[in-house]
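I have placed the structure first, in the form of structure tokens, so that the comments after it can refer back to it.
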Amino acid sequence: MICKKCGCDALIKDGDWYKCPNCGAEMFDTEVTVNNIKSPTKAVEEIDGDLPNRKSDSFTPDSKETVSENQNADTLDVSTENDDEVSKKKKGRKNKKNKKENEIKEPKSKLRDAVDFCIPIVIAVIVAILLKTFVFANAVVPTGSMLNTIQLNDRIIASRLAYINDDPERYDVIIFKYPDDEEQCFVKRVIGLPGETVEIVSGVVYVTKTDGTTIQLDDSFVTNCEPYGDFGPYEVPEDCYFVLGDNRNDSWDSRYWTNTYVEKDKILGKVLFRYYPSITKIE
């Protein structure tokens, strides 16, 4: 026998026992049997010697499959638990979302509905007023004094911004406050500029410019009739304008007013186009 403690092989036998002279360990003689029964030490040695074979036998393919199946089962259980947790979280989010949607879809009060309905209308009205006050002038022409350029009852649009940085030019069609009654607005064509002299002889208009030259004005826009009458001369003051209607023989204009001239700050805008009954540019 060999000492199991230090590995010494010079054991001293003493009856049923062996004693190691090196470390002093005592061991029972495993070869001894009593009534055909192996000693415990012998049985332990046989078990220890047989253990590797038992381990190899226990790990058979079937057992591996069993373990694998058990592992899969464990994995499945874990996966199932994880799926349950994910499902609960999704359900919680869905409930929150539905709650929010329900809050949003709650019926509004009648007052709130009325306010929501009126806000766009109020904004549109305010914008229209601002545009009409500061950008455009809208007018209906009730007479035929500007035939054939503007027809009776035409609706026209004028730009209030046209003369912010520029002065009116000859032949511009303008909307302005009637000098004899500023509560009324007229539409006429600019003929004489500040500092010029205007004279009408037999219906023909002559203008003496500030440089002293005299020109006969273009009358191609005048209605189809032969203008007549002698008027003037008119000396146009600074910042004022002399105006006539295109329907020269049937127009109440600077020739007949008590206050002959249109002051620049009384001009509301330059007429751009007709929008009713048809859209036409005014020149």
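Along the sequence shown, residues are numbered consecutively beginning with 1.
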request  = Decide yes or no on side chain to side chain contact (heavy atoms under 4.5 Å, CB included) for Ile157 and Val271, but give the supporting numbers first.
outcome  = CA-CA 6 Å; Ile157 291 290; Val271 178; over 6 Å; no
Does [X] reach the main-chain N or O of [Y] with its side chain, forming a donor-acceptor pair under 3.5 Å?
X      : Y      : value
Arg189 : Tyr171 : yes
Gln151 : Asn148 : yes
Arg170 : Ile191 : yes
Asp250 : Asn247 : no
Asp211 : Thr213 : yes
Asp246 : Val222 : no
Gln184 : Asp181 : no
Asp180 : Asn259 : yes

Report whether [X] and [Y] are members of the same hydrophobic cluster (ILVMFWY, side-chain heavy atoms less than 4.5 Å apart, transitive linking).
X      : Y      : answer
Ile150 : Leu268 : yes
Ile267 : Val198 : yes
Val187 : Tyr178 : no
Ile175 : Met146 : yes
Phe221 : Leu147 : no

Under 3.5 Å, side-chain donor or acceptor atoms of residues 199-208 against the rest of the protein: list the pairs with distances, not counting sequence neighbours.
| unit_1 | atom_1 | unit_2 | atom_2 | d |
| --- | --- | --- | --- | --- |
| Thr208 | OG1 | Thr214 | OG1 | 2.9 |

Practice problem: Working to the nearest 0.5 Å, report the span between SG of Cys118 and CD1 of Ile123. | Solution: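 CD1 of Ile123 is found 11.5 Å from SG of Cys118.
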Exercise. Any chance you could measure Ile121, atom CD1, to Ile126, atom CD1, to the nearest 0.5 Å?
Key: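 Going from CD1 on Ile121 over to CD1 on Ile126, the span is 12.0 Å.
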Do other residues, nucleotides or ligands put more than 12 heavy atoms under 6.0 Å from Lys177 NZ?
->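 At most 12 heavy atoms, drawn from other residues, nucleotides or ligands, come within 6.0 Å of this atom.
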| message | For Gln216, I'd like to know if atom CD has over 12 heavy atoms of other residues, nucleotides or ligands within 6.0 Å. | response |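 Enclosed: over 12 neighbouring heavy atoms sit under 6.0 Å from CD of Gln216.
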Could you tell me whether [X] and [Y] have their ring centroids closer than 6.0 angstrom?
X      : Y      : value
Phe186 : Trp252 : no
Tyr241 : Phe176 : no
Phe231 : Tyr256 : yes

Solution key, residues 275-283 side-chain donor-acceptor pairs under 3.5 Å, sequence neighbours excluded:
| unit_1 | atom_1 | unit_2 | atom_2 | d |
| --- | --- | --- | --- | --- |
| Tyr275 | OH | Asn138 | OD1 | 2.9 |
| Tyr275 | OH | Asn138 | ND2 | 3.3 |
| Thr280 | OG1 | Arg274 | NH1 | 3.0 |

What pair of heavy atoms forms the shortest contact from [X] to [Y], and how long is it?
X      : Y      : answer
Ser254 : Thr260 : OG-O, 2.8 Å
Ala158 : Gly269 : CB-C, 3.9 Å
Pro168 : Tyr163 : CA-CE2, 3.3 Å

Heavy atoms, side chains only, cut-off 4.5 Å: are [X] and [Y] in contact?
X      : Y      : value
Pro237 : Pro194 : no
Pro227 : Asn249 : yes
Val236 : Leu193 : no
Lys270 : Val173 : no
Ser145 : Asp253 : no
Asp239 : Glu263 : no

Practice task
For the pair Asn153 and Val141, evaluate side chain to side chain contact (heavy atoms under 4.5 Å, CB included) and give the outcome as yes or no after the intermediate values.
Solution key: CA-CA 5 Å; Asn153 294 324; Val141 180; over 6 Å; no
Apply side chain to side chain contact (heavy atoms under 4.5 Å, CB included) to the pair Arg255 and Arg248, showing each step before the final yes or no.
CA-CA 10 Å; Arg255 295 172 294 177; Arg248 196 63 52 82; 3.9 Å; yes
| task | Could you list the residues that satisfy salt bridge (Lys or Arg N to Asp or Glu O under 4.0 Å) with Glu169, not counting sequence neighbours? | result |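 For Glu169, no residue satisfies salt bridge (Lys or Arg N to Asp or Glu O under 4.0 Å) once neighbours in sequence are set aside.
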After noting the C-alpha distance and the side-chain angles of Ser251 and Lys188, does the key distance pass the side chain to side chain contact (heavy atoms under 4.5 Å, CB included) rule? CA-CA 9 Å; Ser251 174; Lys188 305 295 179 184; 3.1 Å; yes
